[in-house]
Every structure is written in C-alpha cells, then in structure tokens.
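Some notes on the structure that comes next.
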Amino acid sequence: MEYIDLKSQYSRYKEEIDKNVIECMTNANFILGKEVELFERNLAEYVGVNHSIGCGSGTDALHLIYMAYDIGRGDAIFCPDMTFIASIEPACLMGAVPVFCDINPSTFNISVESLERQICNVLNEGKLKPKAIVAVDFLGNPADYDELLFIAKKYNLLLIEDAAQATGSSYKGNMCGSLGDVSATSFFPSKPLGCYGDGGAVFTDDREILNTILSLRVHGKGKTKYDNIRLGLNSRLDTVQAAVLSIKLKYLSDEMKKRQMVAQRYREAFNNRFRMQEISCDNMSSYAQFVICTDNKKERDELKQYLSDNSIPSIVYYPNALHNLPVFRDIEIYGEKLENAVKYGECNLGLPFSPFLSTEDQDKVINVVLRYGGRR
Ligand SMILES: *Cc1c(COP(=O)(O)O)cnc(C)c1O
C-alpha cells in the first residue's frame, strides 16, 4: 500500500498524459510554450480568479508574491506556527521577520485570537511594521477567511493565501486559491493537483500584480527578456509539467468527490477513538493529508510503529512547530504559548489516503488502526 498512490492515478490517465507530453517534446517548445498558457487559463477559471501565473514551485509562488508586494527588512509577517516552512521562508530570505501564531486546536488552522494578540504585541513593541498575514489551508482545510479578512482590514494588512495543500478545496462556495488578496499553490507531485516534478502558481485578480509577477518570473524582464527593469527569479512552469497538469485538472473535480468518500469512511470509523480536523459543513477539504490525532506523543509513536509492523505507511505531518525549528531559535514569540501547534506536532499521524484508495486498503487501514486503539 502506498501513502499517496500516484501510480494508480497515472495508470488511469496514462494514454492522455503520454500523448500530451510526447506532443510537447515533438514541438520542442519547452519554456512557456502554449500548453502553459492554456493550463494557466483553465486553472484560473477552475479557481475563479482573473489570472493564474505558473512558476517553478509553490515556494517560488510565495517568493514571487513577497517580492511583488515589496516585503523585506522591518516587516512582520504573521504565520501559523504549524505549516511547512515554505509558507514563510521566502519572506525571511528577504529580511522580513516571521511572527508565529498558534493554531486553532479543532481546525488546525491559524487561530484568529492568537493572530490578533500577536499583531497587538508587534504594534506595542514598535520595532516592526505589521505587513502581511500568510494564511495556510492546512491539510486542505480552508482557513477562516471571513475572520481573517476582517482582521486584515482592521490592521491594514495584506492577506496572502498559501493554498499549496488546497487546490480543489472550497470555502463557503469559493475555491481555495481565490480567498486571499493574492494566493499561491504548489504542484509538488503529492499535492492534490500534482505534476511530475516541481511546479507552482500564483493567483490574483490584480492586473498590476499580474504584470509584476510575469516580469519577476523571467529575471525582472521589461518588454523583452533582455531589457530587465528589476531583479527577479528564473521561475517558470515547465511546458511538459503544464501538459501533465492539463490532463489532471480535467479530472480534479471527480477526484475531489472520491476524496470526500474515502474521508467519510475514515471519519465514521475513527470518530469515537481519535481527534480529527474539524471541517465546517460550509467548506470542502481536498484532504491533501488525512490526519488523526492521539492523546499524546508516546501513543502516536506506538501507533506509527504498529502500522509499520502491519505494512501500513504513515507520515507525521509535521513533527515540529515552526518556532521550535533550529533555524527560528532566535525569533521573538512575544510570550505567546503556541501550545496547540506543539501538541499537534506531537500527536498527529497521516494515514494512507488517495482518491483511488481501494475499499480493501481502506478496510485494512481502518482495521489495523482500530485494533491498535482497542489494545489500549
Ligand atoms: C508544499 C507546500 C509549499 C511549497 O510547495 P513546493 O512546491 O514544495 O515548493 C508551501 N506551503 C505549504 C503549506 C505546502 O504544503
């Protein structure tokens, strides 16, 4: 059994994907070919934004956003303490300071109470300028955008949506990727919409930001590639990757439905035994990961070992709250306890999950997990 089964997905779409990829190679138009433009247009339509801009990875998408909004030295960026480092890393590279906020213990997304306390702490200290919130749709579950937009407006902050795990998710009827002032996603192979290497995209309705990012992704080009008007990156979505993604995008809605069905089965089976991410009935999660939480770290580690002994892969998503990472040792946390993020890191365990996980494999996972639970 695979943790995320990309092989069975490929075997379903093989004919179409192979045809598209071979066509790219035949046309030998590898950088920003017409497949990229087509995919960008179709993805923008799917997400419900004016523009999507393909780039080299999800990390680069965030980097391009931070660059386009001139984030840098002296700026405070508010970030959930439980996410992948890439949510905030490019801003730190540009000299901004991360301000970590605790997560809501039920939704595992940024706690708006902790966020507002941290904004006030930064304002009271007076050293940094509060500049942006990066909200993460963690594990595919949309963050609380009504509340976040209210806070962003109140303190005049940019709201960036890191939808790397949430292509296909929706919040009150609107797709993730359309919920921030500007949004980023990733096409890393194991993400809900993944390519066959690295890739990512920025989403925006703003024409000016569109033009800035189109320039930034090609070394800050002006009218042509060789009249550079700013410093940028080399970060494009490969034509071959766009050719793969175009096929997968066609089936994404169908895969989302299948993901809901697998998740529903898991949820019913584990309901009385493990804590799981709370997803509001107004929202839909892509379930980039399906995570259960034990009561403590010892139990989580034992369960992980027990699954492994029974040939079931599992992954801790993620083991560390960001403020505890060695790289962020010296970051000010303003006395905020961040205990929900720490606790989540100690107790979470991701189970095998894919839209095409067979009923037999679902049964096996459920039985082994419950057998462990029953042993206690
Ligand atoms: C995967 C991920 C990223 C980075 O995407 P890459 O394509 O791997 O660079 C950023 N943020 C979150 C929340 C992610 O899960």
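We count residues from 1, following the sequence as given. When a ligand or atom number is given, it counts from 1 through the structure's own listing order. All values below come from the heavy atoms of this structure, side chains included, with hydrogens, waters and symmetry mates left out.
The structure places NE2 of His219 at 8.0 Å from CG of Asn228, a figure rounded to the nearest 0.5 Å. With values rounded to the nearest 0.5 angstrom, Asp205 atom CG is found 4.0 Å from Asn50 atom CG.
Cation-pi geometry between Arg12 and Phe356 is met: the NZ or CZ atom falls under 6.0 Å from the ring centre, inside 45° of the normal.
Residue, atom and distance of the protein heavy atom nearest to atom 8 (O) of ligand 1 are Phe188 CD1, 3.9 Å. Nearest non-hydrogen protein atom to atom 9 (O) of ligand 1 is Thr59 OG1, 2.5 Å. Atom 11 (N) of ligand 1 has Asp162 OD2, 2.7 Å as its closest protein atom, hydrogens excluded (heavy atom only). Here the protein heavy atom with the shortest distance to atom 2 (C) of ligand 1 is Lys191 NZ, 2.5 Å.
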Checklist entry - Leu115 and Glu147: side chain to side chain contact (heavy atoms under 4.5 Å, CB included), yes or no, with the steps? => result CA-CA 11 Å; Leu115 168 65; Glu147 294 283 339; over 6 Å; no
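Of all atoms in ligand 1, numbered sequentially from 1 with element shown, those under 4.0 Å from a heavy atom of Gln165 are 13 (C), 14 (C), 15 (O). Using a 4.0 Å cut-off to heavy atoms of Val136, the atoms of ligand 1 that qualify are 13 (C). Near Tyr318, meaning under 4.0 Å from one of its heavy atoms, ligand 1 places the atoms 15 (O). Those atoms of ligand 1 with a heavy atom of Thr83 less than 4.0 angstrom away are 13 (C).
Residue contact check for ligand 1: Ser87 places a non-hydrogen atom closer than 4.0 Å to it. Between Tyr317 and ligand 1 there is no heavy-atom distance shorter than 4.0 Å.
In this structure, Tyr155 contributes its side chain and Lys131 its backbone to no donor-acceptor pair below 3.5 Å. Using a distance-only test at 3.5 Å, with no hydrogens or angles considered, a donor-acceptor pair links the side chain of Asn109 to the main chain of Pro142. Of the possible donor and acceptor atoms, none in the side chain of Asp238 sits under 3.5 Å from a partner among the backbone N and O of Val240.
One option in Ala61, Ala184, Ala164, Ser186 has a heavy atom closer to atom 7 (O) of ligand 1 than any other, and that option is Ser186.
When only modelled atom types and interatomic distance are considered, Asn121 and Gln118 share a side-chain donor-acceptor pair under 3.5 Å.
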